Amino acid sequence: MAMEVELEPMAASIGVSVPVLRFLLCFAATVPLSFLWRIVPGRLPKHLYSAGVGVSLSYLSFGLSSNLHFLILIMIGYSSMLLFRPQCGILTFFLGFGYLISCHVYYMSGDIWKDGGIDDTGSLMVLTLKIISCSFNYKDGLLKEEEGLREAQRKYRLMKLPSLVEYIGYCLCCGSHFAGPVFEMKDYLDWTEGKGIWSKEAKGPSPSPYLATIRALIQAGFCMAMYLYLSPHFPLSRFSEPIYQEWGFWKRFGYQYMSGFSARWKYYFIWSISEASIIISGLGFSGWTNSSPPKPRWDRAKNVDILGVEFAKSSVVIPAVWNIQVSTWLRHYVYERLVQTGKKPGFFQLLATQTISAIWHGVYPGYIFFFVQSALMIAGSRVIYRWQQAAAPSLANALVFLNFAYTLVVLNYSSVGFLVLNLNETLAAYRSVYYIGTVLPFLMIILGKVIKPKRPARSKAQKEQ
């Protein structure tokens with residue numbers, strides 16, 4: 001209680017609630033605490049340190065109940081691997097998602113977040129993905145090379161069961177469960193044990209993480225400043241105010257764009273801090289470039305490409321630049337696993353993946369609208385791309401701009417549902433701009449059925465690539 005009183009002036013000065021400030025302080029603490037991991041000696045102490053820091057930060061941020069929730073998910077995943085290895089992947093998937101959905105329904109955290117509060121469901125979301133990927137990889141360890149393993153399966157499969165200490169350390173590693181990024185158990189074990197790209201025999205000396213960490217922290221500071229400046233000017237409450245309905249179409253559409261643009265800086269800030277934390281620990285290292293001299297890459301920690309999002313030339317690239325590690329998880333553990341052997345993925349796999357993503361975020365209608373429309377948006381963008389590939393150079397440039405404009409319009413229109421969540425508010429916002437972001441994808445898909453460009457002839461060099 002005394003801590004609450006002490007934090008009130010600081011919370012008021014930056015316009016957040018005390019629970020949110022408490023979370024932000026613990027979240028920022030993941031950076032120095034991840035640095036200290038580097039000097040912890042021995043494998044077992046490192047696992048214990050990872051778990052202990054995660055438990056402590058969770059308790060300080062959300063209270064005792066958060067660790068009880070985490071413990072349930074951890075035991076679901078580990079018990080499935082221990083008792084039902086051949087079915088542990090699918091078993092953990094449904095049990096983990098079932099528990100996560102029950103927490104979403106019980107807490108209705110979207111309303112709490114909109115009102116300036118916070119709870120542990122965001123961390124439960126990250127933890128759910130971790131236990132599912134670990135179970136699938138342990139199950140994949142039973143498969144043989146000749147059974148058509150995909151690259152990700154071959155790279156991340158686990159041949160033996162991790163110990164419980166290793167598993168808890170992986171799940172709660174230095175507070176990475178707060179906001180990600182999601183990473184694989186195989187990488188966590190290699191990092192802790194100094195194997196793979198972290199071994200002394202690997203190419204080049206151990207890379208210094210400090211410059212990359214400073215860059216991520218500077219980016220985080222800039223993103224927070226942008227969010228604090230923009231968000232008061234474009235509150236989400238404006239969508240339900242009479243003055244919004246009095247505006248003309250272009251002003252309403254412009255406000256939708258700016259509200260989404262303003263909200264994104266909050267996510268950019270959070271992901272920049274988590275990136276700094278993973279980089280400084282060393283886990284964010286993902287290998288060396290092929291340049292001369294080689295430079296270290298830190299892709300494992302990267303969760304967003306800000307310029308890639310804001311200037312996306314196509315809707316297809318959005319999953320590769322926004323919430324990158326979750327998008328990678330969805331591709332490896334949902335999208336690819338829904339494709340039957342010998343067949344190509346289609347719209348069904350895309351829609352199913354986006355639906356799973358919506359359910360993972362929560363049970364609000366706004367999430368469903370956003371992710372279903374994302375599937376339609378990507379399908380429409382692919383149509384424009386096919387036209388672009390078959391068009392003459394002069395027309396192809398116009399189609400490149402058309403795809404950029406299409407992505408800009410549909411993405412920012414759709415994101416309103418992700419932000420306001422409520423069914424009536426979402427539909428009212430969409431209706432206020434005549435459902436333009438819903439009509440356009442359907443129009444593109446229909447036109448794609450009518451206007452079918454010839455496939456461009458590929459050169460011999462292209463065929464060999």
Side-chain angles (χ1 to χ4, degrees), residues 253 256-257 260-261 264 267 303-324 326-332 334-336 338-339 344-358 361 366-419 426 429-430 433-456 458 462:
F253 179 76
Q256 289 193 7
Y257 169 78
F261 178 73
R264 284 194 290 274
Y267 297 97
N303 229 354
V304 69
D305 177 350
I306 297 175
L307 294 179
V309 173
E310 299 302 333
F311 298 100
K313 293 182 179 180
S314 167
S315 305
V316 177
V317 305
I318 294 297
V321 293
W322 171 268
N323 210 353
I324 296 170
V326 171
S327 296
T328 301
W329 186 95
L330 287 167
R331 184 174 74 251
H332 289 163
V334 181
Y335 187 80
E336 291 178 351
L338 289 174
V339 180
K344 293 183 178 181
F347 183 71
F348 166 74
Q349 285 78 16
L350 176 61
L351 181 60
T353 302
Q354 294 300 91
T355 302
I356 292 296
S357 183
H361 279 84
Y367 288 139
I368 302 296
F369 275 112
F370 174 78
F371 286 101
V372 170
Q373 289 198 156
S374 295
L376 295 171
M377 174 181 69
I378 292 171
S381 193
R382 285 174 174 167
V383 170
I384 301 174
Y385 179 75
R386 287 195 294 269
W387 294 343
Q388 174 191 328
Q389 291 296 98
S394 57
L395 181 58
N397 290 332
L399 289 171
V400 169
F401 178 78
L402 174 63
N403 212 345
F404 166 75
Y406 165 87
T407 299
L408 186 73
V409 170
V410 180
L411 176 62
N412 287 284
Y413 162 91
S414 302
S415 66
V416 173
F418 188 94
L419 297 173
T426 299
Y430 289 168
V433 290
Y434 309 111
Y435 300 101
I436 185 173
T438 303
V439 172
L440 282 177
F442 276 113
L443 180 62
M444 290 297 109
I445 294 170
I446 293 170
L447 287 176
K449 301 291 184 182
V450 177
I451 307 173
K452 295 183 178 180
K454 294 181 180 179
R455 290 189 176 183
R458 295 190 300 168
Q462 287 177 313

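If you're wondering where the values come from, they're calculated on a predicted model, not measured in any experiment.
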**Report entry** Point-to-point distance, once rounded to the nearest 0.5 Å, from CD1 of Ile436 to CZ of Phe253
**Finding:** 6.0 Å
Minimum heavy-atom distance between [X] and [Y], given as atom pair plus value:
X	Y	value
Ser315	Ile378	O-CG1, 3.8 Å
Pro441	Val410	CG-CG1, 3.9 Å
Leu440	Val409	CD1-CG1, 4.0 Å
Met377	Tyr406	O-OH, 2.9 Å
Ile368	Ala358	CD1-CB, 3.8 Å
Ser415	Gly260	OG-CA, 4.3 Å

Please name all residues satisfying side-chain contact (heavy atoms from CB on, under 4.5 Å) with [X], sequence neighbours left out, ordered by chain then number.
X	answer
Ser327	Pro319
Phe442	Leu376, Thr438
Tyr434	Phe249, Arg252
Tyr385	Gln388, Gln389, Asn403

Query raised in the report: Between Val304 and Tyr267, is any pair of side-chain heavy atoms under 4.5 Å apart?
Result: no
Query raised in the report: Quick check: does any side chain N or O of Gln256 sit under 3.5 Å from a backbone N or O of Val416, one acting as donor and the other as acceptor?
Result: no
Query raised in the report: Phe418: what forms a ring pair (Phe, Tyr, Trp, His ring centres under 6.0 Å) with it, not counting sequence neighbours?
Result: His361, Tyr367, Phe370
List the atom pairs, with distances to 0.1 Å, where a side-chain N or O of residues 346-353 and a protein N or O form a donor-acceptor pair under 3.5 Å, not counting sequence neighbours.
unit_1, atom_1, unit_2, atom_2, d
Gln349, OE1, Gly346, N, 2.8
Gln349, NE2, Leu338, O, 3.4
Thr353, OG1, Gln349, O, 2.7

Query raised in the report: Any idea how Phe261 and Tyr257 line up, ring-wise: parallel (<30°), tilted (30 to 60°), or perpendicular (>60°)?
Result: parallel
Report summary line: residues 443-453 vs side-chain hydrogen bond (donor to acceptor under 3.5 Å, both in side chains), sequence neighbours excluded, gives none
Requested in this report: Name all residues meeting the salt bridge (charged side-chain N to carboxylate O under 4.0 Å, His left out) criterion together with Arg264; count only those two or more places apart in sequence or in a different chain, and write none if there are none.
Outcome: Glu310
Query raised in the report: Who passes side-chain hydrogen bond (donor to acceptor under 3.5 Å, both in side chains) against Ser414, sequence neighbours left out?
Result: Gln373
